Each structure stands twice: as C-alpha cells, then as structure tokens.
Amino acid sequence: MKGLSLTYRFGTRQYDLGARTHVMGVLNVTPDSFSDGGKYLDPEAAVQHALAMIDEGADIIDVGGESTRPRSAAYGEGAEPVSVEEELQRVIPVIERVAKLTDIPLSIDTYKAEVAREALRAGAVIVNDISGMRFDPSMPEIVAEAHASVIIMHIKGTPKTMQLNPTYDDLLGEITTSLSEGIALARSAGIEQIIIDPGIGFGKTTEHNLQLLACLEHFCALGYPVCVGASRKSFIGALLNLPVTDRLEGSLAAGVAAVLHGAHILRVHDVQATTRAVMIADAIKRSTINEARVKRS
C-alpha cells in the first residue's frame with residue numbers, strides 16, 4: 001500500500017502528516033491512569049487542560065475515559081475495566097464542550113463501539129482503538145458510518161495481561177502482520193483514513209520498545225501514518241530509574257528518536273516541550289533527506 005496520500009482531513013482541519021510531525025495531546029478523564037490519574041476527572045478541569053494543550057501546540061486532543069494501566073511489577077494489579085455508562089459519563093461532556101470551543105480535531109481513546117459512537121456524535125472525529133478494532137466487532141462499522149478516522153494499535157493480550165512476560169518469535173513481523181490485518185479490516189468496512197501504532201508498552205518489554213523505536217521505518221513501509229505513544233511509559237522509568245513524574249527528558253528523547261525514524265504523530269502528555277523538541281527533530285530530518293537527494297543527483 002505504498003504511495004498513499006498522507007494528507008488527512010479531520011473535521012474542518014486538513015493536515016499533511018508527511019510534511020511535519022504532528023503532536024497529539026493526551027487528556028485522561030480517569031481517576032487511575034498511570035501518568036496523571038485524577039487530575040482531570042472534573043469536566044471543567046479537563047476542558048481547561050485541553051485548551052491549554054492546544055495553546056501549547058497540540059494538533060489533536062486524545063480523550064480517554066478508561067485507564068489501560070497494566071498489571072505489572074510497576075503498577076500492581078493494574079486498572080479495572082469500566083462500564084460503557086461510566087466511560088460515557090466521563091468523556092462525553094468534555095468532548096461536547098471542547099468541540100464547541102475549538103476546531104482542533106478530537107480523538108476518542110476507546111475500544112468500545114458504543115463509546116466511540118457517542119463520542120463521534122459529540123464531536124470527536126478520530127477513534128484511537130488500542131485493540132486495533134479486535135475487542136469489539138462492531139467498531140469498524142461504527143467508525144465507517146461516521147466517516148471517521150481510526151488509529152489501529154497493536155496490543156499483545158489485554159491491558160490486564162499484556163505485561164505478564166510478553167514474548168515474540170519475530171517482533172517486527174508479528175506486529176506488522178497484526179497491523180496489516182487491522183488495516184484490511186478497516187478498509188473492508190469502508191474506513192478511508194487509517195493511522196497505525198505499533199503499541200509501545202502494550203505487551204512489550206523494555207528491549208521490545210527500544211527495537212520498535214529504532215525500526216519504525218519498518219511500519220512506515222505499510223504506507224500509512226505512524227503514531228507513537230512513548231510518553232512517560234514504564235520503559236523510560238526502567239532505563240532511568242525514575243518515577244512517572246520525572247520522565248520528561250526520557251520522553252522527549254524517545255519522541256525525537258521516533259521522529260528521526262519516521263513517526264508522523266506523537267501521542268504525548270507534555271505538549272509544549274514535545275512541540276519544541278519536534279521542531280528541531282523535523283529540521284534535522286529534513287536536512288538529512290535533502291543531503292541524500294543532493295548526493296543522488
């Protein structure tokens with residue numbers, strides 16, 4: 001599927017995802033997310049944080065109402081799933097309000113089709129599904145009916161089980177196969193705008209995550225924009241021996257590496273710092289590409 005256009009329309013906004021790296025700001029409307037659980041559970045606090053991230057340069061706001069904090073040594077028993085009703089109560093008021101205040105595209109971070117349906121009605125234009133539309137068979141139809149975009153992510157297992165000794169015989173090959181199957185599922189449903197995400201931290205060890213960041217070009221070859229979410233993840237904490245509140249520098253380093261290896265979108269918590277780092281990384285990347293062109297000519 002090489003050669004597909006990377007110019008995507010999200011609502012009233014049109015982004016050339018191949019021209020520069022775009023930044024997606026994380027808005028967790030949850031009491032128990034690993035990075036900022038409880039800070040934005042109040043709808044007004046969530047709306048104000050969304051607007052602040054937009055002022056800092058966010059191109060997309062990703063709203064999530066259920067934590068996917070895994071069961072692991074770092075996070076204990078992990079987060080418990082929430083009902084559709086609870087998830088809707090958390091995200092819909094925020095999406096409705098933010099959609100009225102800005103035309104910046106809103107994404108709903110959910111694997112539940114009913115939550116996606118209501119979020120798209122409320123003003124979201126992207127569905128960010130950690131399961132690659134595998135957990136809920138109704139998801140492809142819901143996204144297609146709304147003429148929305150989808151982020152297809154790779155996960156090994158479920159949020160509860162994914163970090164319990166994840167193993168691969170062929171890391172890149174298995175993830176590529178899974179993403180390709182998700183792309184086929186989306187296209188067969190009539191979804192036109194597809195983004196892929198190798199799923200940093202979702203059923204991967206620290207070494208797996210490092211390999212994915214170093215080999216992102218492998219996934220770019222599928223012909224779709226690649227989204228990377230490494231911000232504040234536990235592998236950064238493991239490498240630096242730092243708590244989640246102290247992982248800014250590590251997150252920026254991982255983000256810059258992702259950009260230099262082909263990422264089109266970074267999903268992050270620290271928007272302003274990431275936007276500034278990305279501007280430098282993009283400039284370096286453009287310079288490298290231009291130098292290669294000069295040598296070829």
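Please read all numbers here as calculations on a predicted model, not as lab measurements.
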[X] (side chain) donor-acceptor with [Y] (main chain) under 3.5 angstrom:
X	Y	answer
Thr177	Gly173	yes
Ser188	Ala184	yes
Asp59	Val23	yes

For the atom pair [atom1] ([X]) and [atom2] ([Y]), what is the distance rounded to the nearest 0.5 Å?
X	Y	atom1	atom2	result
Leu213	Ile200	CG	CD1	4.0 Å
Ser180	Leu185	OG	CG	12.5 Å
Cys227	Asn128	SG	CG	6.5 Å
Ile265	Leu17	CD1	CG	5.0 Å
Leu6	Asp16	CG	CG	7.0 Å
Ile196	His264	CD1	NE2	9.0 Å

For this session: Determine, for Glu87 against Arg90, whether the closest basic-nitrogen to carboxylate-oxygen distance falls under 4.0 angstrom.
Result: no
Exercise. Any Lys/Arg nitrogen of Asp270 or Arg232 sitting under 4.0 Å from an Asp/Glu carboxylate oxygen of the other?
Worked result: yes
Problem set entry | side chain to side chain donor-acceptor pair (under 3.5 Å) contacts in which one or both residues fall within residues 195-205, not counting sequence neighbours | His154-Lys204, Thr205-His208
Exercise. Less than 4.5 Å apart, any side-chain heavy atom of Met53 and any of Ile104?
Worked result: no
For this session: Please say whether more than 12 non-hydrogen atoms of neighbouring residues, nucleotides or ligands are located less than 6.0 Å from CG in Asp170.
Result: yes
Problem set entry | Exceeds 12 heavy-atom contacts within 6.0 angstrom, atom CD of Glu141 | no
For this session: Could you walk me through whether Gln48 and Glu44 pass side chain to side chain donor-acceptor pair (under 3.5 Å), step by step?
Result: CA-CA 6 Å; Gln48 292 306 312; Glu44 185 56 32; 2.8 Å; yes
For this session: For the pair Tyr111 and Phe135, name the ring-plane relationship: parallel under 30°, tilted 30 to 60°, perpendicular over 60°.
Result: perpendicular
Seminar exercise, completed: Only one of Asp109, Val94, Asp62 passes side chain to side chain contact (heavy atoms under 4.5 Å, CB included) with Leu27, and that residue is Val94
Seminar exercise, completed: Shortest non-hydrogen pair, Tyr8 vs Pro225, comes out as OH-CD, 3.2 Å
